[in-house]
Each structure stands twice: as structure tokens, then as C-alpha cells.
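Down below is the structure, laid out as C-alpha cells.
Note that the coordinates shown come from a computational prediction; the quantities given were computed from them, not determined experimentally.
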Amino acid sequence: MSIRLLLLAGALLAAPAAAASAPSDTPFLDFPYVDSVTAAKVPAFAWLTRQADNSTIFFARAPQFRRIELASRTDEGGDPITDLLLSPDGNHLAYRTGVPRPVEPFNPGSLVPAPQVKLWLVSTTPGAKAVDLGEASEPSFSADGRTMLIKRDGDLYSVDLRAPRAKPKLFAKGGGEWSQFVWTKAGDIIFVDDRRGYSFLGRFHPGATRVDWLETGVDRLAVPVLSPSEDAVAVLRLPGQKHSTTPDQTEAEPYSIDLIDLGSGAIRALWSTRGPAITLADDDPEGALRWASNDTLVFYSEDDNWGRLYALGRHGGAPRAITPPGCEVAESEKTDAGLFVIHNCADRDTRQASLFDPATGTARPVRQPDPVLADARAAGDYAAIVAANANQAPLLRILDLRTGRPVLSETYADYHYTSPLTGAAPVEVHLTATDGMPFTGQLFVPSGPGPHPGLVYVHGGPQRQMFPSFHYMGYYASDYAVNRRLAEQGYAVLAINYRSGIGYGRAFRDAPGRAWRDASEYRDVLAAGRWLASQPGVNPNQIGIWGGSYGGLLTGQALSRNSDLFKAGVGIHGVYDWSWPSPIKGHLSPSTYFGVDKKDEDRARANSPVGHLDTWRSPVLLIHGDEDMNVDVVETVDLAQRLRERGVEVRTLIFPGEAHDFIRHAEWQKVWRALDPYLLEKLPPAK
């Protein structure tokens with residue numbers, strides 16, 4: 001196989017170093033990180049930071065951008081702060097506590113009674129007391145910042161922000177099914193109404209007795225955007241769903257851009273893709289379509305395989321590319337200084353930021369020292385991002401786009417945290433799969449003398465990208481910290497970006513044969529394991545694997561197909577049987593989500609870990625939350641019984657009431673306290 005950095009990696013692996021002592025606790029997992037960011041037009045920003053078992057909301061307003069704490073809460077009861085939204089004028093902030101479920105809220109703290117999911121409203125004036133709005137969800141602020149809509153019991157209610165403690169008033173009976181709100185200056189809302197595989201675009205005036213339908217039909221509509229002059233709405237139109245097939249919701253789709261004249265009601269198709277070009281499950285759905293001016297739309301498309309931004313006149317014609325070919329736009333925001341874009345055009349293995357002029361396509365880099373940027377929000381000439389590097393988890397930066405300089409830049413010191421991680425940062429490696437597919441990885445160089453046990457780490461999603469740095473998502477930031485700690489304990493850890501992930505083009509993400517079809521992404525995993533076993537200083541008889549969610553699936557694939565190579569594994573809330581749809585109401589159900597039809601069930605099972613149980617020999621530790629609404633805990637329950645029947649050593653750790661993305665920090669600590677001794681037992685480093 002063709003490997004770049006092979007000599008560098010080999011030399012690093014072979015180099016002796018002082019052995020690190022095993023940690024007695026988990027302070028390396030207690031780092032602060034910014035979970036989400038919201039912006040107001042004024043400009044102002046608010047952000048949610050998690051640190052250990054606390055969640056805290058901070059706020060900063062121009063021009064000083066002085067950091068103010070608005071709310072804080074522990075996750076001990078299982079109802080931390082989980083969402084936030086600023087009003088356009090920056091005077092109010094709505095936030096949620098608790099994590100909702102279709103039937104009842106998650107209860108990972110096993111409280112009696114279970115915690116409620118509540119919506120809160122707080123003034124951004126320092127010292128203001130939050131208003132408890134009770135069981136409500138999905139706040140939306142009017143353009144003038146005077147009204148907030150909330151959803152409750154299937155209806156829409158309005159909150160007068162001039163009297164926020166007054167009882168909410170009924171705004172629209174049955175409006176709880178409406179989504180993707182766009183507010184007009186007159187106070188009307190334009191919204192998408194999902195009709196079970198097709199959707200309509202409606203307009204509702206407060207106090208009206210009927211909805212005005214702007215566009216109906218047999219297709220699905222998404223991302224409506226109102227022109228600056230409010231005379232037209234543009235919207236994406238995607239194919240409606242056929243009742244005879246189960247769509248793969250991870251796969252890119254073709255789409256058209258429609259323009260609706262609000263005066264005449266005329267609908268005109270401005271442009272259509274040639275084939276699959278967008279996945280609305282991406283991290284930046286609002287970046288899919290926007291107005292750059294009253295005459296120009298900007299949209300995202302993978303029409304040439306790469307996720308790029310294009311400009312399109314409101315009268316149609318040929319679109320003009322704004323961002324360059326051969327690289328991916330991760331996020332974009334409209335600012336007074338131009339389009340603020342996070343991309344990987346200078347280096348596909350990291351992220352960069354630039355300002356693009358939508359009229360000319362000219363770009364100006366916004367220099368940032370950190371290799372991972374995400375969660376961009378814009379307000380006037382300012383942009384807020386979270387930024388991470390090898391030694392610091394994602395924290396907030398507010399940038400003055402006129403100068404490119406930060407006006408606020410958080411560090412660990414702002415949170416009184418000092419990281420105990422002392423090992424080397426990972427190095428990027430470039431690998432080739434068993435079928436010739438190139439892919440990348442990050443090698444965490446072990447401490448201490450060899451020979452070292454090796455571990456392959458496989459991320460979840462699978463539409464994710466790992467970096468030689470802390471990740472911008474808290475889940476993967478924790479996994480990165482675990483990999484750093486494992487390397488300090490003497491493990492050579494290789495995290496890989498296998499096919500199906502993002503950052504390397506649609507052909508890589510929607511690779512042929514992936515998932516239940518032929519498990520083609522496992523070829524990357526197998527190549528990674530073989531490469532790691534071949535490195536100087538690595539014991540080829542001590543290769544293991546670990547990962548969560550889709551990474552749990554790939555851990556199962558490795559142990560079931562190649563116990564000769566992978567001697568032990570840790571699978572966390574993994575999918576082990578592609579053919580089995582969860583019967584739980586409202587469940588994501590990977591089988592359904594990834595498009596397994598009834599006719600596909602035999603094939604899906606054969607390409608699952610349970611399809612290769614007779615060759616599974618290696619021991620495994622299985623971890624799962626028992627209220628997981630992404631991957632049903634029954635996947636783990638079923639696999640454990642089948643392995644026991646075959647005499648395979650299996651250990652389990654089940655968290656009562658927990659979700660897929662563990663709600664409580666205590667669960668992350670328990671994962672480490674189970675994973676660490678397990679690996680030390682099964683794949684002990686040299687002493």
C-alpha cells in the first residue's frame with residue numbers, strides 16, 4: 001500500500017520515551033468546550049459552554065464584547081442546558097433545559113419523578129432572572145425582536161417580549177407541525193409544513209383564520225429565504241418520497257431552486273442540479289440557500305462532487321462559482337464584509353476561514369492559528385466561531401472581519417482549567433485501503449518503550465471528519481482526549497477518516513457499497529489495522545479497535561471478520577444488525593435511516609457484524625445507554641447473547657435512562673473507567 005509519512009511515523013513509534021503513569025481519575029475529560037453559538041444583529045453573541053458536569057451560557061455585545069454569564073446548570077439530574085437562541089436585537093435569550101424524547105424526557109439521573117424539558121427566557125441585562133415558560137420548544141423570534149413563538153402541545157403560542165412574564169397567547173392552533181420559520185417585517189410567518197414525504201410552503205398572518213399556501217405539490221421543500229425587499233421567497237425543492245422504497249437519508253439528493261413572487265403568486269424554477277448535490281442533514285443547513293442582495297442568491301451544491309458556493313441571479317441563468325473546485329465548504333455566513341466561509345481549500349485535513357465577495361468570487365483569507373474551526377455565526381462586521389487545536393478544546397473567538405483580528409479569544413485560563421495531557425500531538429498520515437481507496441488518519445504517538453500495543457479508533461456518524469486536533473463537537477473532543485491519554489499510557493492509536501466521512505468530496509462520502517450494501521468502508525479499517533501492525537515499535541499481536549455509534553459498528557465488523565488481526569475491542573452504542581429496524585416510536589432506527597428495504601434485509605444482515613459471528617473470536621466490551629434513540633440498546637443486548645452462545649468473552653456496561661450522546665458527564669467518566677482497565681488487561685503496554 002502507498003503510505004506517506006511512513007518513515008516519520010515509524011521513527012516516532014520506535015523512539016523511546018519516559019513512560020507515563022496511569023491516571024487515577026478523569027481530569028483530562030473535564031476540559032471546557034463551546035457546545036453552540038447564537039448571534040443577534042446588533043451585533044452580539046451568546047454561547048453555551050460545557051465543562052465537566054456544568055453547562056453555562058455567556059453573552060457579549062459590541063463594541064466591548066465583555067463576557068457576561070447569563071445562566072448555569074449542572075447535568076447531575078440529567079437536565080442540563082441544551083439549546084439557546086438570541087433575539088435579533090440581542091435583548092433576550094431563550095434556552096432549554098433537559099433533553100426531549102418522543103414519549104417522555106430522558107432521565108439518566110434516574111430521578112423520581114423524571115426531569116421535565118423546559119424552555120426559559122432571560123434578558124441579556126446582567127443579573128436578570130430567567131422566566132420559566134414550562135414545557136415548550138423551538139423558540140422563534142420576530143424580525144423586530146418584540147415577539148417570540150414557542151411550540152406547546154401541537155400548537156403555536158406567542159410571548160410578548162415587552163411583558164415576558166405574561167401568559168403566552170395562542171398564535172396558531174395546530175401550528176406545532178410547522179417548521180423553518182421566516183418572519184416578515186409585518187409579523188407574518190412563512191413556514192414549511194411536512195406532509196409525510198412531501199411538503200407545502202405556507203404564509204400565516206397573526207389572527208388569520210386560514211393559511212395562504214405559497215407552493216404545494218408532490219415534492220419536499222426546504223430552507224425558505226425571504227428577499228431583502230420582501231417581494232419574493234426562494235426555496236429548495238427536493239423529490240418527494242416514494243411509498244415503495246425506504247430512502248437513505250445520508251445520501252445526497254438532486255434539487256431545484258424555486259422563486260415565488262409574493263405579489264403575483266407566480267412560481268418559477270430558477271435552476272436544477274444535474275444529479276445528487278446536497279444532504280440537508282449536514283452541519284450547516286441554513287448555508288444551503290441565502291440572498292446576497294435583492295438580485296442575487298447564493299447556494300451550496302455538490303454538482304461537481306465538491307461542496308461549493310455559487311451565485312445565481314433572481315432571473316435565473318447559469319450560476320457562477322464563488323468558492324474554488326476540489327475542496328469543501330463546511331459552513332458559510334453572510335456578513336457586512338462579505339461571505340464568511342469555513343472551508344478546507346488550503347488543506348483538506350484541517351479547516352480554514354476566508355471572506356468571499358459573492359459578486360466577484362475574490363477571496364481574502366481570515367488567518368487563524370487553529371486547525372479546526374466551526375459553528376460560525378455572523379453579526380454585522382463580526383463573526384463568532386469555535387476554534388480548537390491539538391492542546392485546547394473548541395472555545396469561542398469573536399473576529400472583527402474588517403481587520404481579521406479577534407476581539408474576544410477564550411482560553412482554558414478563562415475557565416480556570418489546566419489540561420493534564422502532556423503527550424505529543426497526533427501526526428497526519430495518508431493511507432491506502434485494500435481496494436486502492438486513499439484515506440487519511442491521525443497517529444497518536446505512544447509514550448514509553450516498545451513494543452507498543454496498537455489501537456484503531458473509528459469515529460461515528462459516519463458523516464464526520466477527524467482532525468489532528470480536538471474536534472469541534474463535544475462527543476469527539478472527548479474521544480480525542482481519550483486517544484491522547486491512551487497514547488500517554490503506551491498505545492499507538494490510529495484514528496482514521498474512512499470512506500463515508502465528510503471533507504473529501506461526495507464520491508468519498510457516498511462511496512459505492514458503503515454501509516449495509518457491501519460494508520466497503522471496512523476495507524479502510526482493515527488496511528489501517530494492517531498498517532498499524534506493520535509499524536516499527538508496534539506489537540502486531542496486540543492490535544485492538546474502539547469506537548462509538550458507527551464506530552461501534554465498525555468495531556463489530558473488525559472483531560467478527562478479522563479476529564486474527566484485532567485481538568480485542570470496545571464497542572459503544574454500535575449498530576450490529578443492519579437488517580433490524582427499531583420498533584420504538586420516534587426512533588432514528590439506523591436500518592430505516594440508511595435505507596434498508598424489506599427486500600434488502602438478507603443482504604443487510606450478511607453485511608453486518610451479526611452476519612460473521614462464527615468467525616468472531618476476540619473479546620469485546622460493549623457499552624450502551626438504555627434509552628438511546630439513535631441506536632436501540634437492543635442491538636447490544638442481542639449481540640451479547642449471540643456472542644455468549646458461541647463462547648466469545650463479552651462484558652457489558654449499560655447506563656439506565658441515558659441517551660446516545662451521553663447527557664451526563666458522569667457517563668463519560670464511567671466509559672473511561674471501564675475502557676482503560678479493559679484495554680490494560682487485554683492489550684497491556686510493555687513495562
Side-chain angles (χ1 to χ4, degrees), residues 25-36 48-57 69-84 94-120 122 130 132-137 415 417 460 473-479 481-482 548-549 552 572-574 582 584-588 621-637 651-676:
D25 207 344
T26 57
F28 74 96
L29 288 173
D30 295 346
F31 55 85
Y33 68 91
V34 173
D35 182 78
S36 57
L48 174 62
T49 300
R50 300 192 187 283
Q51 183 176 9
D53 59 1
N54 285 302
S55 51
T56 306
I57 299 173
E69 181 179 320
L70 295 182
S72 184
R73 192 178 185 90
T74 179
D75 69 13
E76 184 179 354
D79 57 347
I81 299 171
T82 51
D83 208 358
L84 68 167
Y95 66 94
R96 184 178 68 188
T97 57
V99 184
R101 239 177 14 121
V103 180
E104 58 186 17
F106 286 98
N107 186 15
S110 300
L111 299 183
V112 180
Q116 291 181 312
V117 175
K118 290 187 176 184
L119 191 66
W120 302 78
V122 65
D132 182 355
L133 296 174
E135 295 186 70
S137 64
Y415 294 93
Y417 178 75
M473 295 175 66
Y475 183 106
Y476 298 108
S478 294
D479 283 2
V482 167
S549 194
I572 305 172
H573 40 230
S582 174
I584 298 175
K585 180 182 179 181
H587 201 282
L588 177 74
L621 169 63
L622 301 175
I623 301 174
H624 217 128
D626 94 311
E627 295 292 351
D628 191 327
M629 291 298 289
N630 290 45
V631 180
D632 198 320
V633 69
V634 172
E635 294 267 11
T636 289
V637 173
R651 300 180 194 174
T652 61
L653 176 61
I654 305 298
F655 300 133
E658 256 297 358
H660 189 70
D661 294 339
F662 300 133
I663 296 170
R664 301 196 314 163
H665 184 66
E667 266 64 88
W668 284 106
Q669 295 174 314
K670 292 173 185 175
V671 167
W672 171 253
R673 290 168 183 157
L675 177 148
D676 181 41

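Applying the side chain to side chain contact (heavy atoms under 4.5 Å, CB included) criterion to A481, with sequence neighbours excluded, gives F28, L29, F31, L421, F470. Considering only residues two or more places apart in sequence or on other chains, L588 meets the side chain to side chain contact (heavy atoms under 4.5 Å, CB included) condition with Y593, N630. Residues passing the side chain to side chain contact (heavy atoms under 4.5 Å, CB included) test with S36 are L48, L84, D375, sequence neighbours excluded. Listed by chain and number, the residues in a side chain to side chain contact (heavy atoms under 4.5 Å, CB included) with E658 are P108, F655, F662, I663, R664, E667 (sequence neighbours excluded). The ring pair (Phe, Tyr, Trp, His ring centres under 6.0 Å) check on Y475 picks up H573, W668, with sequence neighbours excluded.
Between atom OG of residue S72 and atom CD of residue Q51 there is a gap of 10.0 Å, rounded to the nearest 0.5 Å. Here the CD atom belonging to E627 is positioned 9.5 Å from the CG atom belonging to D632, to the nearest 0.5 angstrom. Atoms CG and OG1, from D35 and T56 in turn, are 11.5 Å apart once rounded to the nearest 0.5 Å. Put simply, CZ on R651 and CG on L622 are 11.5 Å apart, with the number rounded to the nearest 0.5 Å. Separating the CD1 atom in I623 from the CG atom in L675 is a distance of 6.0 Å, to the nearest 0.5 Å. We find the CZ-NZ distance between R101 and K585 to be 12.0 Å, quoted to the nearest 0.5 Å.
When all heavy atoms of L119 and A136 are compared, the pair lying nearest together is CB-O, 3.7 Å. Scanning all heavy atoms of the two residues, the minimum distance from F106 to P100 falls at CE1-O, 3.4 Å. Closest non-hydrogen pair, S549 versus H660, comes out as OG-NE2, 2.9 Å.
In this structure, R96 and S137 have side chains that are not in contact, with every pair of non-hydrogen atoms separated by 4.5 Å or more. Counting heavy atoms from C-beta on, the side chains of V99 and D661 never come closer than 4.5 Å. A 4.5 Å side-chain heavy-atom check between Y95 and V122 finds at least one atom pair inside the cut-off. Between S582 and M629, the closest side-chain pair of non-hydrogen atoms is not below 4.5 Å.
A side-chain donor-acceptor contact under 3.5 Å links H624 to the backbone of V631. S55 places a side-chain N or O within 3.5 Å of a backbone atom of I81 that can act as its donor or acceptor partner. Proximity of a side-chain donor or acceptor of R73 to a complementary backbone N or O of N54 within less than 3.5 Å is not detected. For D628 (side chain) and V633 (main-chain N/O), no donor-acceptor pair under 3.5 Å exists by modelled atom type.
Within the structure, every pair that satisfies the side-chain hydrogen bond (donor to acceptor under 3.5 Å, both in side chains) test and touches residues 107-120, not counting sequence neighbours, is listed here: T97-W120, Q116-E135, K118-D132.
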Salt bridge (charged side-chain N to carboxylate O under 4.0 Å, His left out) between D75 and R50: does it pass, once the steps are laid out? CA-CA 10 Å; D75 69 13; R50 300 192 187 283; over 6 Å; no
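Within 6.0 Å of atom CD in E76, 12 or fewer heavy atoms from other residues, nucleotides or ligands are found, so the atom counts as exposed in its surroundings.
Defined by atom type and a distance below 3.5 Å, a donor-acceptor pair is missing between the side-chain atoms of T49 and Y33.
Applying the side chain to side chain donor-acceptor pair (under 3.5 Å) test between H665 and each of D53, T74, D30 identifies D30 as the sole match.
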